[in-house]
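Note sheet for the following structure.
Sequence lines set the chain letters: A, B, ... in the order given, protein chains first and strands last, and positions in each chain run from 1.
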Amino acid sequence: MLSKNSILILLTPFLYLNFINLSTIQNTQMTNNIYINDLSKHVGEEVTLKGWIYNKRSSGKVKFLILRDGTGYLQCIVFKGNVSPEVFELADSLAQEASFEVTGTVKEEPRAVGGYELDATDVKLISESVDYPITPKEHGIEFLIDHRHLWLRSKKQVAIMKIRHRIAKAIRDFFDERGFTLFDPPIITPNASEGTSTLFEMEYFDLGKAYLTQSGQLYAEAGALALGKVYTFGPTFRAEKSKTRRHLTEFWMVEPEMAFYDLDDDMDLAEEFIEYIVQSVLKDRKAELEILERDISKLENIKRPFPRVSYDEAVKILHDNGIEFEWGNDLGAADETMISSKFDKPVMVHRYPAEIKAFYMKRDPENEKVALAVDVLAPEGYGEIIGGSQREDDYDTLVERIKEHNLPLDFFKWYLDLRKYGSVPHSGFGLGLERTVTWICGIEHVRETIPFPRMIYRNTP
RNA sequence: UCCGCGGUAGCUCAAUGGUAGAGCAUUCGGCUGUUAACCGAAGGGUUGUAAGUUCGAAUCUUACCCGCGGAGCCA
C-alpha cells in the first residue's frame, strides 16, 4: 500500500510537467502580436503592430503610411509634432514594402480605408526595401508572373489566396462532416489512369519508367471499397501542351469516391458540394470578394437544385441556337459556354457518348451508346469544374473495355480485383480546385489562383 | 502541335523611313488629411537577337529567340 509521501513523490513529475506547460502557454501569449483585423478590440489603446509598407503619401508635416500585415491594411498617421525628428525622418524615408514596426493609438476614423487609423508615436525600421519592382500602377502579366513571389503581396492576390484557403477548408469540412475518410493516393504511378493524357515521365530506379499522377481516382476506388466513402485531395499533373486560361500542368483536385452510389446519387452530392463551397465563401470571405469586385448576387444564387440536362438535350440546345454540332463529338469550350449561358446556376450535363469517355465509366443499361458520366459546367462561361461518373463494376465488361482502349491488362490487375472480390456499384467525381477558385473569384485566368503556377512555358519562380 | 498578336527607359505605353517621347517608379525640393494624393526639377535607352534593303531603320524584308491570347485535350 502506498503512503501519502510516496503518492506525492509519484505526482511530482506531473505537477512539474503542468508547471512547464503553463509557463509555455504564458510565453506564447506574451509574444502574441496584435494584427490589423483585431483592431476593433483595441480602440483608444496604444498598440504596436508589425508589417510592411503597402503605400505611402505625404503632405508636408504629415505622413500617411499604409501598413499591411497579412490580415488587413491600416493607415498610420505620422504628424511632425507627435514624434521625434528622427522618427519623422524615418517615416519619410520608408520605401514600398520596407518592413517596420509602428506604435500608436488606435482611432475609429471614417476617412480611412477599413474604418480604423493609427496615430503613430513611434516608428522602427525592421528591414529596408530598395527599388521594389511592383508599383501601385499597372503591370503586364509577363512582368507580374516573373515576380510572382512579390506579386503575392498585392491586395488582390492576398484576397485570392484567402479565398482559395477558405474553399480548401470547405472541401475538407464538407466531406469530413459526411462520414468520408481522407484517402491519399500515390503521386508516383506506374501507368496512365485513362491512357489519353500525356504524363510527366521519370526513371524509377530499376523498375523503368514511372509517371506523376494525373488522377487519384483508381486508387480512390480501392479506398471506397475499403472505407465506404473516401476523398482524395492533392496535386495532380498533366503534361498536355494546353495553352489556355483554364489550364495548369500542376493543379489540385479533390476526388470523392462512394460505394453504393449510382449516377443520380453522385450528382446529388456534387450539387450539394458546390452549394456548400460557394455559401461558405460568401459567409466568411465577403470582404475579399469585394476587393476582387466580384458580383456577389451571382454567387448568392448558387443554391440547389441545379439544372440537369442530358447530352442529347445539350445537343438540342446547341442546334436550337444555330450551332452546328454532330452527335458523338465532345463539347468544345464555345459549346460549353453556350449551354451554361442558358442557366444562372451550374449545369450538370450527363450521359455522354461512351466513345468519348474513359474506359472505366459504366454504360447506361437503358442506352449502351452513352456512359453514366456527368460534367458540371460553372456559370458565366467558366467551363467545366467537375467531371464524374458511375464506374463499371462488372469484371468481364471492364476487361473488355481495357482491351478496347488498348491498355495494358497487367497494370490493371489490382484494379480488376476490386470487381472480383465483392464488387458494388460505386461512383465519384473530381473537382478542379483552381478552376473553382477562378469562378468564385470571378477572375480571368487560373494562374492567379495557385501560389506558384506551373504552365507549359513556365516553371519559375 | 496549329492559328493570331506582340517585344522601345525599372514598369505601362507613344513615336509608320528623317534629332528616342510621356505617365508611373527612383532622387531632390514644396505642401498638417492624403485615398493609385498633388505641384516643381533631375537622372535614366545597343528599340528581343542576327543579317539584309536604304544616304538614313524602332519603323521595311528574312531567319531565330521569348512572351501573350485562342484551338485541340482536359479539371
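- Side-chain N/O atoms of A:S242 and base N/O atoms of B:rC73 include a donor-acceptor pair closer than 3.5 Å.
- Side-chain polar atoms of A:Q75 and A:R111 form no donor-acceptor pair below 3.5 angstrom.
- Side-chain atoms of A:R447 and base atoms of B:rC68 include no donor and acceptor less than 3.5 Å apart.
- More than 12 heavy atoms of other residues, nucleotides or ligands lie within 6.0 Å of NE2 in A:H149, so this atom counts as buried by the packing criterion.
- One atom, OH of A:Y382, and another, P of B:rA75, lie 20 Å apart when rounded to the nearest Å.
- Under a cut-off of 6.0 angstrom, the local environment of NZ in A:K162 is crowded, with over 12 non-hydrogen atoms contributed by other residues, nucleotides or ligands.
- Here the C1' atom of nucleotide B:rC73 and the CD atom of A:E240 are 5 Å apart, to the nearest Å.
- Backbone-only engagement by A:N55 is indicated by non-hydrogen atom pairs under 4.0 Å involving sugar-phosphate atoms exclusively.
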As a quick check of understanding, evaluate side chain to side chain donor-acceptor pair (under 3.5 Å) for A:W327 and A:D312, giving each step before the final call.
CA-CA 8 Å; A:W327 196 99; A:D312 290 358; 2.7 Å; yes
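- Under the 6.0 Å cut-off for aromatic ring centres, A:F100 and A:W52 do not qualify, their centroids lying 6.0 Å or more apart.
- Rounding to whole angstrom units, CZ of residue A:F273 and P of B:rA75 are separated by 15 Å.
- Between B:rA9 and B:rG72, the two C1' atoms lie 40 Å apart (nearest whole Å).
- If you check every strand for non-hydrogen atoms under 4.0 Å, A:H445 touches sugar and phosphate atoms only.
- Nearest to the side-chain atoms of A:Y457 among the listed nucleotides B:rG67, B:rG33, B:rC74 stands B:rG67.
- A cation-pi arrangement is found for A:R178 relative to A:F174, the charged atom lying closer than 6.0 Å to the ring centre and inside a 45° cone about the ring normal.
- Looking at A:H426 and A:E221, their side chains do bring a donor and an acceptor atom within 3.5 Å of each other.
- At least one donor-acceptor pair under 3.5 Å links the side chain of A:E271 to the backbone N or O of A:F306.
- Comparing the C1' positions of B:rA36 and B:rC73 gives an interatomic distance of 41 Å, to the nearest angstrom.
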Protein-nucleotides 27-32 of chain B N/O pairs under 3.5 Å:
| from | atom 1 | to | atom 2 | distance (Å) |
| --- | --- | --- | --- | --- |
| B:rC31 | N3 | A:G60 | N | 3.1 |
| B:rC31 | N4 | A:S58 | OG | 3.4 |
| B:rU32 | OP2 | A:K61 | N | 3.2 |

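- Between A:F79 and A:F64, the distance separating the two ring centers is not shorter than 6.0 angstrom.
- Here, B:rG43 and B:rG29 have their C1' atoms 15 Å apart, quoted to the whole Å.
- Within the nucleic acid shown, A:L248 comes within 4.0 Å of at least one base atom, counting heavy atoms only.
- Across the P atoms, B:rG44 and B:rG70 are found 40 Å apart, a figure rounded to whole Å.
- Figure legend: A:K155 and A:Y73 shown as a cation-pi pair, the cationic atom lying under 6.0 angstrom from the six-membered ring centre and within 45 degrees of its axis.
- In terms of position on RNA chain B, the residue among A:M253 and A:Q96 whose nearest nucleotide sits closer to the 5' end is A:Q96.
- With pairs defined as Watson-Crick or G-U wobble and both atom distances under 3.5 Å, the stems of at least three pairs that touch RNA chain B come out as B:1-7 with B:65-71, B:10-13 with B:21-24, B:26-30 with B:38-42, B:48-52 with B:60-64.
- In this entry the distance linking CE of A:M455 with P of B:rG67 reads 10 Å, nearest Å.
- A:E434 comes within 4.0 angstrom of nothing in the nucleic acid, heavy atoms only.
- Counting only N and O atoms by type, the side chains of A:E257 and A:Q217 include no donor and acceptor under 3.5 Å apart.
- As judged by a 4.0 angstrom heavy-atom cut-off over every strand, A:E444 is placed among residues making no nucleic acid contact.
- Taking atom C1' in both B:rU19 and B:rU59, one finds a spacing of 16 Å when rounded to whole Å.
- A:R238 places no side-chain N or O within donor-acceptor distance of the main-chain N or O of A:T249, the cut-off being under 3.5 Å.
- For the pair A:R57 CZ and B:rC38 P, the interatomic distance rounds to 10 Å; values are reported in whole Å.
- Regarding A:N329, its CG atom lies at a distance of 16 Å from the P atom of B:rA71, rounded to whole Å.
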Table of protein N/O atoms under 3.5 Å from nucleotides 10-13 of chain B N/O atoms:
| from | atom 1 | to | atom 2 | distance (Å) |
| --- | --- | --- | --- | --- |
| B:rC11 | O2' | A:E138 | O | 3.2 |
| B:rC11 | O2' | A:H139 | ND1 | 2.5 |
| B:rU12 | OP1 | A:G140 | N | 3.0 |

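- A:R458 has its CZ atom 15 Å from the C1' atom of B:rG69, to the nearest Å.
- Aromatic ring centres of A:Y219 and A:W414 lie closer together than 6.0 Å.
- Each of A:I66 and A:I456 was matched to the nucleotide of RNA chain B holding its nearest heavy atom; the match closer to the 5' end belongs to A:I456.
- Proximity of A:D146 to A:R458: side-chain heavy atoms (C-beta onward) are separated by under 4.5 Å at one or more points.
- Out of B:rU34, B:rA71, B:rA75, the shortest distance to the side chain of A:A333 is found at B:rA71.
- With P as the reference atom, B:rC38 and B:rU34 are 12 Å apart, rounded to whole Å.
- Taking atom C1' on both B:rA58 and B:rA14, the two are 12 Å apart, rounded to the nearest angstrom.
- Straight-line distance from the CZ atom of A:F237 to the C1' atom of B:rC73: 19 Å, rounded to whole Å.
- With P as the reference atom, B:rA71 and B:rU12 are 25 Å apart, rounded to whole Å.
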